[in-house]
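See below for the structure under consideration.
Per chain, numbering begins at 1; letters A, B, ... match sequence-line order.
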Amino acid sequence: MASELVGALVGWYDANARELPWRQPDRTAWGVLVSEVMLQQTPVRRVEPVWRTWMQRWPTPSDLAAASAGDAVRAWERLGYPRRALRLHAAATQIRDRHAGVVPDDLDELRVLDGIGEYTAAAVATFAFGQRHAVLDTNVRRVLARAVQGRAQAAPALTAAERATATSLLPDDDATAARWAIAVMELGALVCTARQPQCGDCPIADRCAWQLAGAPPYDGPPRRGQTWHGTDRQVRGRLLAVLRAAHRPVRRADLVRAVPDDDLRDPHQRDRCLAGLVHDGLAEPGPDDDTYALPG
DNA sequence: TACACGTGGAT
DNA sequence: TATCCAAGTGT
């Protein structure tokens, strides 16, 4: 029965998968790794053009490692969460120094690279190297929550039970498991979506536990919404946008102009955020202590 | 475990 | 307009 599920989903994927550059036959493991980091919390449409430019400029980990961290942050453009650019740069350096510039194909070796967590390590091992791993991202968790568990959405945090379910569904051989993994994720991205699932287009709707239960609404613990307006995150973003746009050190007065007092939640917010950016390695103070720039 | 961390499109 | 959501990770 599980094999029927696999066949239905893999067949659907072959007919409906998006053509993305990191899925092309000429893709590299590095390209897959870069795509996975960029796609963390950022939609495909916004990643694609940045990924193309990035890969043209830095076609191998060693190429990126030879650049400055600031160049990486600037090339990250407006994908968001710019610490990912810093970590990707650090991972490239680690790949150059510890793996002779070759992206490792071992799950545990991938997992300890900067910015590579449980999901991304499994994704690279699976999509770039065709291995057999449970790949649990938000899409897969939602599909399994519905199709297997019969619930409208997954729990707020990944559970051991979900890992066990995903592992139990994995086809035996590596190649099929890898195709299954990408197929489930694509179904979650295109059909079994969070807001308005297109169950009429779903290849497994007839055996979906959630559909068979009458599509009951979510009854788990509420998800905390992301706060935004007036937060440090917003102020950090505005400060960093100024540093990114400038190609020389920026005076404090220019940062004050970008984030005026009236926009602050408290009088110390701007200084606190600036210090936070410096602490995170996203900004560096100049020798005079009156200028800031992206890291060199 | 819960929270911090950017940005922009969709509803 | 406000809220939700998008291929998560680090602390």
Side-chain angles (χ1 to χ4, degrees), chain A residues 13 17-18 20-23 31-51 73-74 76-88 90-91 110-128 133-144 152-160 162 166 178 181-190 192-197 218 221-244 259 269 272-273 276-277 279-283:
Chain A
Y13 179 81
R18 292 167 292 182
L20 301 170
W22 47 86
R23 289 179 179 171
V32 172
L33 192 159
V34 171
S35 77
E36 290 301 338
V37 174
M38 288 184 172
L39 286 163
Q40 293 168 2
Q41 302 284 281
T42 303
V44 167
R45 268 180 299 284
R46 288 174 48 210
V47 164
E48 198 168 340
V50 178
W51 182 91
V73 171
R74 191 171 280 112
W76 196 254
E77 300 191 11
R78 302 182 70 77
L79 290 181
Y81 292 145
R83 289 188 296 184
R84 290 182 293 164
L86 237 36
R87 292 181 179 136
L88 184 53
L110 287 164
R111 177 63 184 80
V112 297
L113 297 172
D114 260 38
I116 308 296
E118 176 180 344
Y119 161 75
T120 304
V124 172
T126 300
F127 304 148
H133 300 289
V135 181
L136 282 161
D137 77 325
T138 187
N139 288 305
V140 174
R141 294 186 61 221
R142 184 174 55 249
V143 171
L144 297 185
Q153 56 181 272
L158 179 62
T159 65
E162 288 180 86
I182 191 66
V184 178
M185 195 177 313
E186 191 77 340
L187 186 76
L190 298 182
C192 194
T193 54
R195 269 183 283 205
Q196 291 203 291
Y218 178 67
R223 299 189 149 183
R224 315 178 24 267
Q226 299 174 334
T227 54
W228 174 246
H229 187 69
T231 59
D232 283 6
R233 214 158 18 132
Q234 182 182 37
V235 171
R236 285 168 58 109
R238 290 173 65 179
L239 293 172
L240 196 63
V242 175
L243 300 184
R244 217 166 33 220
V259 188
Q269 188 175 29
R272 181 174 69 243
C273 289
L277 290 174
H279 175 267
D280 292 343
L282 285 166

Residue met sooner reading DNA chain B from 5', once A:L240 and A:L158 are mapped to nucleotides: A:L158
Want to settle it: does A:A157 or A:R236 sit nearer the 5' end of DNA chain B, counting the closest nucleotide to each? A:A157
What distance, rounded to whole Å, do you find between the two [atom1] atoms, one in [N] and one in [M]?
{"N": "B:dT1", "M": "C:dA6", "atom1": "C1'", "value": "23 Å"}
{"N": "C:dT9", "M": "B:dG9", "atom1": "P", "value": "25 Å"}
{"N": "C:dA7", "M": "B:dC3", "atom1": "P", "value": "23 Å"}

Polar side-chain atom of [X] near backbone of [Y] as donor-acceptor pair, under 3.5 Å:
{"X": "A:R142", "Y": "A:Q153", "result": "no"}
{"X": "A:R84", "Y": "A:M38", "result": "yes"}
{"X": "A:Q269", "Y": "A:G230", "result": "yes"}
{"X": "A:W51", "Y": "A:G31", "result": "yes"}
{"X": "A:E48", "Y": "A:R45", "result": "no"}
{"X": "A:T42", "Y": "A:L79", "result": "yes"}
{"X": "A:E36", "Y": "A:V32", "result": "no"}

Start and end of chain A contact along DNA chain C [non-hydrogen atoms, under 4.0 Å]: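 Span of nucleotides near chain A: C:dC4 to C:dG10.
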So [X], base contact, sugar-phosphate only, or nothing? Heavy-atom distance under 4.0 Å.
{"X": "A:E118", "answer": "sugar-phosphate"}
{"X": "A:R244", "answer": "sugar-phosphate"}
{"X": "A:T120", "answer": "sugar-phosphate"}
{"X": "A:W76", "answer": "nothing"}
{"X": "A:D114", "answer": "sugar-phosphate"}
{"X": "A:T138", "answer": "sugar-phosphate"}

Looking at every heavy atom in both A:R78 and A:A241, which two are closest together, and how far apart are they?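 So the two residues come closest at NH1-CB, 4.1 Å.
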Answer yes when A:R23 and A:E186 have at least one side-chain N-carboxylate O distance shorter than 4.0 Å, and no when they do not. yes
DNA chain B: 5'-most and 3'-most nucleotides touching chain A, 4.0 angstrom heavy-atom criterion: B:dC3 to B:dA10
Report the residue (A:L113 or A:R18) whose heavy-atom-nearest nucleotide on DNA chain C is the more 5′ of the two. A:R18
Closest-nucleotide 5' rank along DNA chain C - winner of A:G117 and A:A194: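 First, find each residue's nearest nucleotide; the 5'-ward one identifies A:A194.
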Give the C-alpha distance, both sets of side-chain angles, the deciding distance and a yes or no for side-chain contact (heavy atoms from CB on, under 4.5 Å) between A:L136 and A:L158. CA-CA 8 Å; A:L136 282 161; A:L158 179 62; 3.9 Å; yes
Take atom CZ of A:R18 as the centre, draw a 6.0 Å sphere, and report whether it contains more than 12 heavy atoms from other residues, nucleotides or ligands. yes
Hey, are A:Q40 and A:Y119 close enough side-chain-wise for a donor-acceptor pair under 3.5 Å? no
Let's see if you get this right: which residues in residues 77-88 of chain A place a heavy atom under 4.0 Å from DNA chain C? A:R87
